[in-house]
Number of protein chains: 2
Amino acid sequence: MKRTIVIFGTISIVIILLFQVSKFSLMNTQGFSDVFLIISGILFIALGYFITKLFYARKHTNSIQEIDIKRIKELNISKQELKVLGLMSDGLSNNEIAETLFITENTVKSHVSKILSKLNAKRRTEAVKIGRDLNII
Amino acid sequence: MKRTIVIFGTISIVIILLFQVSKFSLMNTQGFSDVFLIISGILFIALGYFITKLFYARKHTNSIQEIDIKRIKELNISKQELKVLGLMSDGLSNNEIAETLFITENTVKSHVSKILSKLNAKRRTEAVKIGRDLNII
DNA sequence: TCCAAACTCACTCGAAAGTATGATTTTGAG
DNA sequence: CTCAAAATCATACTTTCGAGTGAGTTTGGA
């Protein structure tokens with residue numbers, strides 16, 4: 001918020017200054033100067049460039065997919081289930097997941113089953129895909 | 001290539017036109033006009049905006065991980081195997097893959113087996129993970 | 001404290017997945 | 001045209017998954 005205000009304030013000031021400088025230059029010079037016009041144009045283009053870059057940078061960092069906690073809660077997926085899902089997406093077998101989490105394979109199986117039903121998936125590969133698409137993993 | 005030339009040509013023309021219009025307007029008007037200056041500035045800013053957006057769009061599509069054809073050849077993965085791998089990563093079963101590609105499940109199995117050995121994976125989920133990491137899918 | 005949800009585990013059974021081997025047909029590059 | 005690689009399919013066998021059911025234990029919040 002604060003940052004937004006500072007940035008937009010700065011931009012506004014720069015624009016106003018640009019216009020003022022432009023006006024003075026044009027008014028005080030009798031012989032009109034091509035060079036000035038070109039410089040002025042370039043400055044404005046540069047301004048457009050920075051503004052656009054700013055917005056793009058913002059959008060970009062936002063789209064670097066952070067895990068969607070809200071959706072996890074909506075789907076009623078528990079902590080342990082999420083861990084299991086993550087290990088599934090790493091390509092581990094039920095047995096390997098069991099060893100990683102210090103639980104039995106049977107327990108892993110029951111977690112997996114619940115994950116599949118909650119994500120509406122038929123297979124673990126599908127669950128992983130859905131999990132990825134929903135930004136859950 | 002062609003597209004690049006067209007785009008840059010267009011931009012060049014627009015810029016030149018803008019400068020010409022600016023010059024004429026300023027020379028023919030005795031009383032200097034604020035309105036004109038503002039419009040001119042906005043136009044230039046818009047130009048900067050479009051140019052920047054163009055470059056960003058290009059960079060962006062490039063950074064959206066294009067498939068690494070070189071590595072596919074290094075790993076000696078064939079076309080059909082790649083298709084199968086892609087369908088695996090979509091969470092399809094061997095049977096579904098078979099129906100999608102109009103081949104039998106047995107054939108799919110042999111493809112999958114080859115993929116697993118080529119990617120050094122023990123399971124299809126692992127193969128998918130490796131494939132993703134290597135930008136093969 | 002009490003309870004629902006989460007976590008844990010087990011057992012069975014059927015369905016997928018994966019291995020191994022071998023054989024035939026297509027295809028593409030030289 | 002030729003030949004190797006790719007693609008196709010099959011059969012038999014093993015392993016892993018996943019469904020379904022049931023039940024004991026933890027845990028966090030009202």
Side-chain angles (χ1 to χ4, degrees), chain A residues 67-134 136-137, chain B residues 67-134 136-137:
Chain A
I67 46 167
D68 193 338
I69 300 168
K70 203 195 296 173
R71 190 150 344 173
I72 292 172
K73 284 185 180 165
E74 280 172 10
L75 290 169
N76 205 29
I77 294 175
S78 71
K79 285 182 203 168
Q80 198 76 335
E81 284 164 3
L82 202 66
K83 279 190 199 170
V84 171
L85 181 57
L87 294 173
M88 274 201 288
S89 82
D90 285 341
L92 300 198
S93 68
N94 286 341
N95 193 31
E96 287 168 341
I97 294 174
E99 286 174 359
T100 304
L101 297 180
F102 300 105
I103 55 180
T104 66
E105 194 183 335
N106 287 319
T107 307
V108 175
K109 281 189 182 182
S110 76
H111 285 315
V112 171
S113 282
K114 279 175 189 167
I115 293 169
L116 293 184
S117 74
K118 285 178 183 176
L119 289 185
N120 225 357
K122 300 194 201 75
R123 282 162 289 282
R124 55 169 50 213
T125 39
E126 197 184 353
V128 169
K129 189 214 154 72
I130 294 173
R132 287 192 170 288
D133 291 347
L134 297 181
I136 277 178
I137 315 183
Chain B
I67 46 167
D68 192 338
I69 300 169
K70 202 194 297 172
R71 191 156 318 158
I72 292 172
K73 285 186 179 165
E74 281 173 10
L75 291 169
N76 206 29
I77 295 175
S78 69
K79 286 183 205 168
Q80 198 75 335
E81 284 164 3
L82 201 66
K83 278 190 201 168
V84 171
L85 180 57
L87 294 173
M88 274 200 290
S89 81
D90 285 340
L92 301 198
S93 68
N94 285 341
N95 194 31
E96 287 168 342
I97 294 174
E99 286 174 359
T100 304
L101 297 181
F102 300 106
I103 55 181
T104 66
E105 193 182 336
N106 287 319
T107 308
V108 175
K109 281 189 182 183
S110 77
H111 285 316
V112 171
S113 282
K114 280 174 190 166
I115 293 168
L116 294 183
S117 74
K118 285 178 184 176
L119 290 184
N120 227 356
K122 298 194 202 76
R123 283 161 290 283
R124 55 169 49 214
T125 38
E126 197 184 354
V128 169
K129 190 219 154 69
I130 294 173
R132 286 191 172 286
D133 289 348
L134 297 181
I136 276 177
I137 317 184

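So that the names make sense, note that chain A is the first sequence line, chain B the second, and so on, each numbered from 1.
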Indicate, with a heavy-atom threshold strictly under 4.0 Å, whether [X] touches base, sugar-phosphate, or nothing.
X      : answer
B:N106 : base
B:S113 : base
A:T107 : base

Over how many whole Å does the gap from [X] atom [atom1] to [N] atom [atom2] extend?
X      : N      : atom1 : atom2 : result
A:K73  : C:dA6  : NZ    : C1'   : 15 Å
A:L116 : C:dA15 : CG    : C1'   : 14 Å
A:L92  : D:dC17 : CG    : P     : 10 Å
B:I77  : D:dA7  : CD1   : C1'   : 16 Å
A:F102 : C:dC9  : CZ    : P     : 12 Å
B:E105 : C:dA16 : CD    : P     : 8 Å
B:L82  : D:dA6  : CG    : C1'   : 14 Å
A:Q80  : C:dC9  : CD    : C1'   : 13 Å

> Do B:R123 and A:E96 sit within salt-bridge range, that is, some charged N less than 4.0 Å from a carboxylate O?
Replying inline: yes

Presence of [X] side-chain N/O under 4.0 Å of [N] phosphate oxygens OP1/OP2:
X      : N      : answer
A:N94  : D:dT16 : no
B:R124 : C:dG18 : yes
A:H111 : C:dT8  : yes

>> Quick check: closest heavy atoms across A:A98 and A:E105, and the distance to 0.1 Å?
In response: CB-N, 3.7 Å

>> Tell me the closest heavy-atom pair linking B:A121 and B:A127, and the distance in Å.
In response: CB-N, 3.6 Å

Of the candidate nucleotides [options], which contains the atom at the shortest distance from the side chain of [X]?
X      : options                : answer
B:S110 : C:dA17, C:dG18, D:dT8  : D:dT8
B:S78  : D:dA6, C:dC7, D:dG18   : D:dA6
A:N76  : D:dC9, C:dA17, C:dA6   : C:dA6
B:K114 : D:dA7, D:dC17, D:dG18  : D:dA7
B:K109 : D:dG18, D:dA10, C:dT19 : C:dT19
B:R123 : D:dC9, D:dA7, C:dG18   : C:dG18

> When you measure from the side chain of B:E126 to the backbone N and O of B:K122, does any donor-acceptor pair fall under 3.5 Å?
Replying inline: yes

>> Would the distance check show the side chain of B:T107 and the main-chain N or O of B:I103 forming a donor-acceptor pair, the cut-off being under 3.5 Å?
In response: no

> Once you round to the nearest 0.5 Å, how far does NZ of A:K118 lie from CD1 of A:I136?
Replying inline: 11.0 Å

> Relative to the 5' end of DNA chain D, which residue comes earlier, A:V112 or B:K79, by the nucleotide with the nearest heavy atom?
Replying inline: B:K79

